[in-house]
Amino acid sequence: MNLSELNPSQREAVEYNDGPSLVIAGAGSGKTRVLTYKIAYLLESGYKPWNILALTFTNKAAKEMRSRIAVQVGEEIAAGLWMGTFHSIFSRILRREFNRIGFASDFTIYDSQDSVSLLKSIIKEMQLDDKTYKPRSIAARISNAKNRLIMPEAYRNDRGIYESDSYSRVPRTGEIYQRYWNRCKMSNVMDFDDLLLYTWLLFRQNPDLVRDYEERFKFVLVDEYQDTNYAQHQIIWLLTQHNMRVAVVGDDAQSIYSFRGANIDNILRFQELYKGARLFKLEENYRSTQTIVQAANSLIHHNNGQIHKDVYSRKDMGERISLLETYSDIDEATAVIRCVREFHRNEQIPYSQMAILYRTNAQSRPFEEAIRKNSIPYIIFGGLSFYQRKEIKDVIAYFRLVVNPHDEEALRRIINYPARGIGQTTLDKVFAAANRQSVSPWEILKTPEAIDVNGATRTKIERFTSLIESFVKHVRESDAHTLAVEIVSRSGIQYEINSGTDVEDISRKENLQELLDGIAGFVDEHQQGGQGVLLQDYLQEVSLLSDIDQGGNSGEDRLTLMTVHSAKGLEFRVVFVVGMEETLFPNQLCMDTVRGLEEERRLFYVAITRAQEYLLLSNAKSRFRFGKTEICKPSRFLSEIDPRFLQRTNGKGRVQAVTPVPSGIDARRFRKISSIKPNVTAKREVAVLPSAPTVSQDSNTSDVVVGSRILHDRFGLGSVTAVSGIGMDKKATVIFDNVGQKQLLLRFAKFKVV
């Protein structure tokens, strides 16, 4: 094994195996390389493969490490390692020790959908309202309890937990948890959280067994330690508290999964728990330019809860980070996609080496539409295309049925969503009758006496058809947004989605609001252009967007869109971080506490450090939200980056640096420079980016002539190329700087002449 391939910090971390160690690995610093070499070094130092336990968070990471180790020590030796994810390793242990925990060795494992399905049955058996006791929300509460090692009895007897559940109108969650626990045990089943909880119980209740496993695992290694939850942390402690042969690797600056139960204190306080633990810092970044690395440093230095490190790069200084401020969310998407095309055309950078990162999934919509208009191949990484998400498909199905009640697939999708007691048996009878009579299912539903259903079911069908017909009456008179809001409200979808409080429910709420905002924007734009604004007009446009085949495989040259959370561990030559606005990034839900705000800052740090060569940060001055245009403030995080590494851009090329960027500085000296925090004056200079003038709502149409420059509240600056019509029908053709040509009906358009 050739340790000379490692840098001094990496080698020092690999060679120390005399006690506990904490390896803080900065972004792009070769963390996997250190773990791989460390395991190979242990094997060469006399450890047997079965004496080494290596825990990871993904099967992909475990597979990659095992493959690299096999190159060093051979396939046969590598195969003998206890290496894998927490859940796979603990499942293996539980199957060996099943008799001690009251399970059979062939226990099965529930995935999340199985768990939700069982909880749904239990909630029904207890005659609870599943709109209040939503199965997914209850599953999240039980999961959180298990990850904190709280058993059902302790859960039910904890006053604080009961008060929290009562405040959320689910006071009987403890009873549900107990029934769920009993049913799983009776069925010889564990869910994913049980694999942790029962492993902890196994070790806590059997000290002799813990000793056996401590003797077996003479050395324990843990990857991504900043992502461990309380249960994982406690199990590792039980396995290592006596021999203290443990090495954990991670980066506190990339701890971003608290919503999944991850606890940053596990890594921050590691040295308090493991007395005498050695600390190693991997500070050389092999991924990014000096500018990107030092900009990230200047940001994360604002966090108090961290293990200080000074990451540096020996690469070129590279381009400054571009700040792009746009007039609106549409303008932002258009400008960013234009930059994507320019990088592809002028720099010959493949689409697959570029990524657009956003804080929430709902932000993908305007970018997807701009991408499709430009015929750029793309992929949504770690999530569905906006229009393929269930809640969006459900709402669109309602729209389709209102516009065309004979749409069978739309009817099938939403006749019992939200639940209204029209089950599959009834639906089968409806479709069978429709086939016999050669009519659409809608015709059968309008005459429910023609099918064999009881009186109660008939009443439910009549209520459903009356609801849809009440919408149909307005389909040719109400604009798309007005009717969409009514459908979402009266159908019960809004209540169904808004009643949940877990992470998934919040995402669904954001997606639903983004859809309604998109429809409002459609109406606003088409009204100003004198085009159709009815629901069928909207469906015509959106169907063309959602039916485009994205096709191909992951090896194709496609632009990547993803949340920052999904981007962790990845890298791209060009990265766009969009939506850099207060309440969006940092997210409104995380701004109330210092702890929450610091995690948002770490999330931004992760976003920045995905970039290898080019980084562009964008924000919009206004964003269509909650059915109206809202004025947005630039994110506070923009002012926390050292301004020496920034430049403003209009999306058409670099404009000017915020301050002169240092040049001709070697990496080591540059590290010292970057450790100086930016002064208050400089911070303010960046925080207030170039401002666009406020758009007046009382435009004088007589002022608009060919050659006029106008400022529109959504499309930004543009030049008038033609004017036609008179009075109420007066129109202007405008070529906007960013979004291209638009035709405006001036009596509706929101603009001012500049």
Side-chain angles (χ1 to χ4, degrees), residues 322-343 356-359 362-374 376 386 514 517-529 545 559 561 576-585 616-625 627-635 638 648-655 688-697 699 709-721 732-744 748-754:
S322 294
L323 298 178
L324 171 63
E325 182 172 70
T326 60
Y327 290 98
S328 68
D329 46 351
I330 291 178
D331 193 23
E332 178 187 41
T334 304
V336 166
I337 298 310
R338 183 173 60 244
C339 290
V340 168
R341 292 184 62 187
E342 289 179 354
F343 274 119
I356 297 174
L357 309 183
Y358 34 77
R359 177 62 180 83
Q363 291 172 253
S364 73
R365 183 191 58 81
F367 292 95
E368 287 188 72
E369 294 180 1
I371 288 167
R372 284 163 167 161
K373 288 176 182 177
N374 284 274
I376 294 174
F386 181 86
E514 179 65 19
D517 289 345
I519 298 171
F522 165 87
V523 170
D524 186 54
E525 180 179 344
H526 278 231
Q527 189 177 56
Q528 292 186 53
L545 291 176
L559 175 66
L561 277 69
F576 302 88
V577 187
V578 300
M580 292 302 304
E581 298 140 31
E582 287 290 291
T583 76
L584 191 55
F585 201 176
L616 184 144
L617 312 174
S618 68
N619 69 290
K621 287 188 65 64
S622 67
R623 192 169 291 273
F624 224 83
R625 303 176 74 182
K628 61 181 181 180
T629 299
E630 290 192 347
I631 302 303
C632 305
K633 294 173 61 178
S635 169
L638 296 178
R648 299 189 182 99
T649 180
N650 58 9
K652 296 181 178 180
R654 281 67 181 169
V655 182
V688 185
L689 296 174
S691 298
T694 303
V695 178
S696 171
Q697 299 299 313
S699 311
R709 287 284 284 173
I710 69 169
L711 175 63
H712 190 274
D713 76 335
R714 297 198 74 203
F715 307 138
L717 287 167
S719 299
V720 177
T721 59
T733 301
V734 185
I735 297 180
F736 289 98
D737 295 355
N738 285 332
V739 301
Q741 182 171 301
K742 299 283 184 181
Q743 190 172 67
L744 304 180
F748 288 121
K750 300 171 184 176
F751 70 94
K752 69 175 294 184
V753 177
V754 296

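Side chains included, hydrogens not; waters and symmetry mates left out as well; all remaining heavy atoms used. Residue indices begin at 1 and follow the sequence shown. In this text, all values refer to a predicted model and were calculated from it rather than measured experimentally.
Here CG of L638 is found 4.5 Å from CE of M580. Values are rounded to the nearest 0.5 Å. One finds the CZ atom of R714 at 9.0 Å from the NZ atom of K750 (value rounded to the nearest 0.5 Å). Separation of atoms CD (E630) and OG1 (T583) is listed at 7.5 Å; rounding is to 0.5 Å. Within the model, atoms CG of L324 and OG1 of T649 stand 6.0 Å from one another, a figure rounded to the nearest 0.5 Å. Taken to the nearest 0.5 Å, the CD1 atom of I337 stands 4.0 Å off from the CD1 atom of I371. Rounded to the nearest 0.5 Å, atoms CD (Q527) and CG (L744) are 12.0 Å apart.
For S622 (side chain) and Y327 (main-chain N/O), a donor-acceptor pair under 3.5 Å exists by modelled atom type. Panel note: side chain T326, backbone D331; no donor-acceptor pair is recorded below 3.5 Å. For the pair T721 (side chain) and T733 (backbone), a donor-acceptor distance under 3.5 Å is present. In this structure a side-chain-to-backbone donor-acceptor pair under 3.5 Å is missing from E514 to Q363.
No salt bridge links D713 with K752; every basic N to acidic carboxylate O contact stays at or beyond 4.0 Å. Using a 4.0 Å cut-off between a side-chain N of Lys or Arg and a carboxylate O of Asp or Glu, K373 and E369 do not qualify as a salt bridge. A salt bridge links E581 and R623; the closest N-O separation between the charged side-chain nitrogens and carboxylate oxygens is under 4.0 Å. In this structure, R365 does not pair ionically with D517, as no charged nitrogen and carboxylate oxygen lie closer than 4.0 Å.
Ring pair F522/H526 is tilted by interplanar angle, where 30° to 60° counts as tilted. Aromatic ring pairs are classed by plane angle as parallel below 30°, tilted from 30° to 60° and perpendicular above 60°; the pair Y358 and F367 is parallel.
L616 and V336 get closest at one heavy-atom pair: CD2-CG2, 4.5 Å. Residues D329 and F624 approach most closely at OD2-N, 3.5 Å, considering heavy atoms. S618 and E332 get closest at one heavy-atom pair: OG-OE2, 2.7 Å. Scanning both residues, A370 and A333, for their nearest heavy atoms gives CB-O, 4.0 Å. Closest approach of P634 and E582 over heavy atoms only: O-CG, 3.5 Å. Of all heavy-atom pairs spanning D737 and R338, the tightest one is O-NH1, 3.9 Å.
No side-chain heavy atom of D524 sits under 4.5 Å from any side-chain heavy atom of T629. Taking the side chain as every heavy atom from C-beta outward, N619 and L584 never approach each other to under 4.5 Å. Put simply, the side chain of F343 reaches to within 4.5 Å of the side chain of F576, judged on heavy atoms.
For CZ of R709, the number of neighbouring non-hydrogen atoms (other residues, nucleotides, ligands) closer than 6.0 Å is greater than 12.
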